[in-house]
Amino acid sequence: MAKRTTKRRISKSTKPKKQAARKSKIQLNDDIGEKTRLRMWQLQLEIRHVEQRAHDLFFQNLIKGTSHLAIGQEAIASACAAVMRPDDYTFCTYRGHAHTLVRGASMEGVLGELMGRECGLLGGKGGSMHLTDVEKGAMGSYAIIGAHLPIAAGAAWKAQYLKTGQISFCFFGDGTTNIGAFHEALNFSVVWKLPVVFVCENNLYMEYTPISDVTAVEHPAADRAGAYGLESIIVDGNDADLVYRVARDAADKARAGDGPSLIEAKTYRHSGHSRADPATYRPEGELEKWLERDPLKIYRKRLIDFGVKESKVVAIEKAVLEAVDDATEFAKNSSTPSKDVLMTEVWADGGASWRN
Amino acid sequence: MAKRTTKRRISKSTKPKKQAARKSKIQLNDDIGEKTRLRMWQLQLEIRHVEQRAHDLFFQNLIKGTSHLAIGQEAIASACAAVMRPDDYTFCTYRGHAHTLVRGASMEGVLGELMGRECGLLGGKGGSMHLTDVEKGAMGSYAIIGAHLPIAAGAAWKAQYLKTGQISFCFFGDGTTNIGAFHEALNFSVVWKLPVVFVCENNLYMEYTPISDVTAVEHPAADRAGAYGLESIIVDGNDADLVYRVARDAADKARAGDGPSLIEAKTYRHSGHSRADPATYRPEGELEKWLERDPLKIYRKRLIDFGVKESKVVAIEKAVLEAVDDATEFAKNSSTPSKDVLMTEVWADGGASWRN
Amino acid sequence: MAELTYREAVAEGIAQEMERDETVVFLGEDIAKAGGVFKATVGLYDKFGPDRVRDTPISEQAILGAAMGAAMTGLKPIAEIMFSDFLAVCWDIVANQIAKIRYMTNGQVSMPLVIRTANGGGARFGAQHSQSVENWSMMIPGLKVVAPSTPADVKGLLAAAIRDPDPVMFFEQKSLYSSKGDVPEGEHIEEIGVAKVVREGSDVTIIALAAMVPRALDAADRLYSEAGISAGVVDLRSLVPLDTKTIFEQVEKTSRLVTVEENPRLCGWGAEISSIVAEERFWDLDMPIIRITTPHIPLPSADELEDMALPSVERIFETVRQGVD
Amino acid sequence: MAELTYREAVAEGIAQEMERDETVVFLGEDIAKAGGVFKATVGLYDKFGPDRVRDTPISEQAILGAAMGAAMTGLKPIAEIMFSDFLAVCWDIVANQIAKIRYMTNGQVSMPLVIRTANGGGARFGAQHSQSVENWSMMIPGLKVVAPSTPADVKGLLAAAIRDPDPVMFFEQKSLYSSKGDVPEGEHIEEIGVAKVVREGSDVTIIALAAMVPRALDAADRLYSEAGISAGVVDLRSLVPLDTKTIFEQVEKTSRLVTVEENPRLCGWGAEISSIVAEERFWDLDMPIIRITTPHIPLPSADELEDMALPSVERIFETVRQGVD
Ligand SMILES: Cc1ncc(C[n+]2csc(CCOP(=O)(O)OP(=O)(O)O)c2C)c(N)n1
Ligand SMILES: Cc1ncc(C[n+]2csc(CCOP(=O)(O)OP(=O)(O)O)c2C)c(N)n1
Ligand SMILES: [Mg+2]
Ligand SMILES: [Mg+2]
C-alpha cells in the first residue's frame, strides 16, 4: 500500500508569556534559544537592507539587467541558514541574494556582482541571477525554473555516497512546482533516499500570474507531497521560529539517512517580481495585509516580547546598516571587470579555447 | 482547502449467475451489452493475433528495427476503443500497435509499416514506433517517453475550444509517470479542464527495471492523482468489462466538461519489453501467474458464462485469424517504398526543400 | 504607415491574424492578463478574451505539447516561450515531435503553429537569459526559422508565420523590442524565405540577422566613409527556408562575403552559409569567407564584458576593413 | 591487445576508471542490473555494486541534474542517456546548466562528468531513435564533444573523458556497437582533441567521424583502385576541442577537402570545419569544399529509405570522384 500521507500545518509559534522578563528569558532559551534567535534576526536584517540597497542602486542605474528581491521573504532563508551546518549545500534561484548572503557570502560580493564589478562574487560574469559562493556552501543560483532541484539532489547524492553527513537545501517558488523537473527531482530523491530538503517559498505568484490560476491544487507543494510518499508540510513562512523548527526536523531526518522532505512555506514578496514590475496585478489591500505580517516586524516583536532589550535589537540593526553602507561604498569603488576575464574559465584549464 | 482525494479500486466484474442461459442473456445485455462485448472480444483477438504475427515476422527477419508487443495488455486498448466515439482521438506509445488497430486502422497498414512496406500506414517512413491513422482518430504513436501526454491535452484543447464534443484518450506506461512531461500534462489539463482521459497501463516494468525499484509510491499513477486534485482510480486492466466501465465514466466526465481523469490499469506484458528482450529479469513464476489472468482467457470464459455460444466465440477468432493471414500476405507482397518518398512530406507543400 | 516599436508590432501581427481567423489561439506564461513580460502582447487578452489568449503554468513542455496537439487537430496556435534559452526545457517537443511528425506520418499530420520567443543578448541578463539560439532550430529538419530585424518585418513575417502550414520558430530579438520603425497599416504580410538587400554594395557583402542588421548597416556606413569600402548588407530574415539565391547574387557581385552572427561561434548559421558558398560559389570568391560571431563562450552579464562579447559595430568595421584590404 | 567489440570496450573503459578512482560513479536507466539496453555496461553492477552503478527512473532531467550536482561537489559521475535523441528532454541541464556553470561562477565550480549516449542511425529505429546529434553539443560553449570510431578509441577516449575535469559529451555510435577491433590490454588512455590521420592521401582529404570513418575508408579504397585518386582520411574523434592543426596539415597537403557527416545538413560540424578552412586556409584550396551529409530530413525507418538517407560508401565515392575531377 502507498504510505498514508501525513499532514503538518504549522502556523502557531511559541507564545511567550507576557509577564515577567525572567520567565520570558527562560522561554527565549527554549529549543531555539537566544543565540540562534539573534542570529536569525541579524540574517533577516541583512537580507532586508541589502535588498533595499539593491533596489535603490537599481534606480540609480548602478545595477543593470534585472534583479529579484526577497523583501518580505527573509524569514525562510534566515531560519534555514540557522539550521545548516557550515558544510551543507544551498541551491537557490534568481531570487537568491538572500540565500547566498545568509550562508556568509560577503555583502560586497553580492552588491558588487549586481553592479557588475570586479569585486562581485562572480567577477561580473554571472550577474544577479547566478550568485554563488562555493566556499560558503552557496552552490549557485539558477535562473531557469526547475533545474536546480535535481542538481541539489545530486549534491545530496555525493554526501550520501561519501558519507559526509552533509545535506542539501533547495529553495524554489510556488510556480516551480508545475514544471517537470520538480516532479523528477522529488521522485528521484525519495527513491534514492537522498539527504535533501526541498523548500517551496509560496509567495502566491509566479511572475505576474497568481499561482492559483495555474495550479490544480491549493497548496502547490504540500498537496503534491503525497505523490512522493512524503509528509505534507505547510509552515507560516513569515515566522522564522516556525520555519526553523520544520527545517530542523527535515535536516535531522535527512542527516539520519531517512531521505528528503518537502516544506511549503507561505510568504509574500513585498515588491514586484523583478525590478521593472510595479505589481499592479495584485488585488487591492493584499500587500497591506501582508505588510502587517512582515517577518521582520513579527520577529522584532517576538524578541521584545521574549525580553530581549530593545537596545540590543536596535544595535544589531544599526550594525547591519553600517555594513551595508560600507559594502555599497566598496562595491561602487570596485573597478569594472578587466577585459581579460572575458575569455577565461570556460574550461578547467582556465581558458576558453575550443581548438588547437 | 485542497480537494479531498477520492479513491476507486475496481477489480470485481459483474458476476454472471451460473444457471439458465436465458438469465445470463439478460445480464449479457446489462450496461455493457452483448454487441459491445463481442466487439471487445474481437478487438482483443485482433491485437493478440497481429502481435503474435509481428513476433513471428520478426524472427523471419521480415521486420527490422524494433517492436514492442502488447500481448497480455489487450483488454485496455480494446475496452477504451469500445468507449470512444469515431471522432475521438487516441495518443499512444511505441507499444501502440494495439491502440492503432482498435481504432480501425487496417492490419495491412500496421503489419506493412512494421515490415517497412509501401502499404504501411506511414509508407515505411515512420516504422513500428510511430503508427498513426489520422482518419481513424489514431493520432500517433510517440517513442520518446512523456511527450504525447501534453500533445493529447492539446487535441483536447481544440475540442474544448471548438466545442466539438470530442475527447482525447492518452495511453502510456507505468515508467512514464516518473518523467516531467507527465506532471506538466496532468496539471495543465486539470487547470484548463480539458476533455482528456489519461490511461496508465501499469505492466510492472519500465524496460527491464521493475517500476517499484524507481518509484516513490506503490501505484505510480493512482497515487499521484491527488497531486492534481483527481480521483485515484485503479482498475484490473486484464478485464475488459471493468476497464470499459471506468473508461466510460471518464469519457462521460470529459464530455460533460468536467475535465480529465487519470486511470491506472494493472496489467502485464507476456513478452519482453521489445523484440530482443528475453525478459530474464522477471522473477520465476511471475509470468505464469499472469498467464492465468490472460485477458483473452478471462474474456472468453466471461462470454461463455454469459451464455454466448462457443461456436460464435470461435467463429470470431477464426475470422480474425484469417484476416491476419490475409493482411500478412498482402503486406509481404507490397513493394518496398519507392525512392522518391525519401524527400517528401517534410513540409506541407509535400517537399523537403530548405532553400530556394 | 505608422511608427511602431518592435514590441508593438508583435501584438499587431498577432491581432491581425486573430481577427481574420477564429482558429488562431495564443498561449504562454503571463501573456494574457499581464500582456507578456516584454509587454509585447499587451491588449490581446482584452480584445480576444480568455478562450483565445490563455495564461499557462510554468510548464513549457505542456505549452508546446498543447500547441502541437491543437495544431494537428485543426487550430493554429501561437505559443510563447518567454526567453529562447528556455527552449531547452521543451526541446523534445520542438525537435523530436513538432519538427518530425509530418514526415514520420508521411504527411498525415499538419503542424501549423508558431513558437514565438525572445532571443539574444545585450540586456545584462547573464548566460541563461541572453542566448541567440536560432541555430538550434536551423539544425532540426522540419522547422522553419524566422528572425525579423524591423517592426514592419515583425508584423509581416509574424502574420506570415501564423498563416504558414508548417511549424515556424519566430525569434524576436530582445535588444530590438524598443526600436522603432514604420509599419504598414492595415493588413500586412511578408513572404517567409526571402532575404532583403538592405544596402547595396560592390566590394563586399555582409550577411546579418536580427540585431546584427542595424549594426552591419552602421559598420557599412563607416566602411564607406572611413575606408572607402562599399559594403552591401543582406538582412537574412529567415534561416529556413534560406534564400541562397539572394546570397549568391550578392556574392557574384562583390566576390567577398562576411557573416555577422550574434550566436556563439561553433555551428552557427554563418557556418552553414559559408559552407554553401564555399561549395557552390567557390570560384566567385576573391577573399576568404569571414565569420564574425560572439566568441564560443557563455554570455557574461557585466556591461563591459557583454559588450565585448557581442559583435559590435566597431568589430564588424575593423574585421571587414582588414579582410578586404 | 585483445579483440573486443565496440560495446565491450565501453564497459572496459568505465571499469578501468572505476577501479582507479572511487569517486567515479555511474547512473542511468537499466544500466545496472540489466547491463544496459545495448549491453554496453554488462558486468559493471556486479563488479562495483549498487552504490556505484545505479538504475534510475525514466527521469532524464533528474539523471543529469544529479550527475551535475554530484560533479560540482566532488564526484566524477558518468551518466547514460539511452539514445542521444533523448538529450532533448534534458537539454536544459546539458546546455544551460552543465555547460555554463563554470564560466558563470568565474571558475568556482568544476564539472568533471561524462554523458554517454547511443547516437546515430542505421538500425531502422525511425526518426526519434536514430539521430546523429553531436552538433547539438558542439554548438554549446562549455561542452567537450567526443565520438570514437573504433573499440580502442572507445576505451581510451572514454577513460580520458572520465578523467577530464570538464563535461564531456561522449557519443557512441549505435551502428558500431557490434564492430570489432584490437584494444590495448591494461590501462589505456587517449588524448581528447587529437584527430587521427587514418589513411594518408595526396589528392583529397576526407574528414569523417564515428560510423562515417569506416565508410570513408572504404570509399578511399575504391577511389584509389577505381579512379586512381589518393584520398586521405581523417578520423576527427573529437569535435571540441577541434584539432584544426591536423585538418590544416591535410588541407595544405591535398588542397581539397570533403567532410562526411551522419547528421542532417544544416549547421552540422562539417559546416563549421568548412567555414574555418574557407576562412583560414582559403588560398590553399584548389577545389570547392564539399560536404556530404544526411539530407535535411527526419530519418525514415524502412531499410531502403534509411540506407538512401545516410551517407553511403557509394555516395562518398561518387561525390569525391566527381568533385576531384
Ligand atoms: C523554464 C522557465 N520558464 C519561465 C521562466 C521565467 N520565469 C522566471 S521567474 C518566473 C516565476 C517563478 O515563480 P516562482 O517559482 O513562484 O518563484 P518566485 O519568482 O515567485 O520566487 C518565471 C515564469 C524561467 N526562468 N524558466
Ligand atoms: C525520454 C525517454 N527515456 C527513455 C526511453 C527508453 N524507453 C523506451 S520504453 C521505456 C520503458 C517505458 O516504460 P513504461 O512507461 O512502463 O511503458 P511500457 O514499455 O512498459 O509499456 C524506456 C525507458 C525513451 N523512449 N524516452
Ligand atoms: Mg512565487
Ligand atoms: Mg511499463
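Every chain is numbered from 1, with letters handed out A, B, ... down the list of sequences.
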* Asked: Going through the checks in order, is the side chain to side chain contact (heavy atoms under 4.5 Å, CB included) test met by R224(A) and R224(B)?
  -> CA-CA 8 Å; R224(A) 267 86 181 251; R224(B) 267 87 180 248; over 6 Å; no
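Proximity of a side-chain donor or acceptor of N187(B) to a complementary backbone N or O of V214(A) within less than 3.5 Å is detected. A donor-acceptor pair under 3.5 Å links the side-chain atoms of E184(A) to the main chain of G180(B), judged by distance alone.
How far OH of Y228(A) is from CG of N178(B): 9.0 Å, rounded to the nearest 0.5 Å.
No part of S189(B) comes within reach of chain A, as not one of its non-hydrogen atoms sits under 4.5 angstrom from that chain. Only the side chain of F182(B) comes within less than 4.5 Å of a heavy atom in chain A; its backbone stays farther off.
Of all non-hydrogen atoms in A227(B) and V217(A), the two that sit nearest each other are O-CG1, 3.4 Å. Between V190(A) and A216(B), the shortest heavy-atom distance links the atoms CG1-CB, 3.5 Å.
When T177(A), D213(A), V191(A), L186(A) are compared by the number of non-hydrogen pairs under 4.5 Å with chain B, V191(A) comes out ahead.
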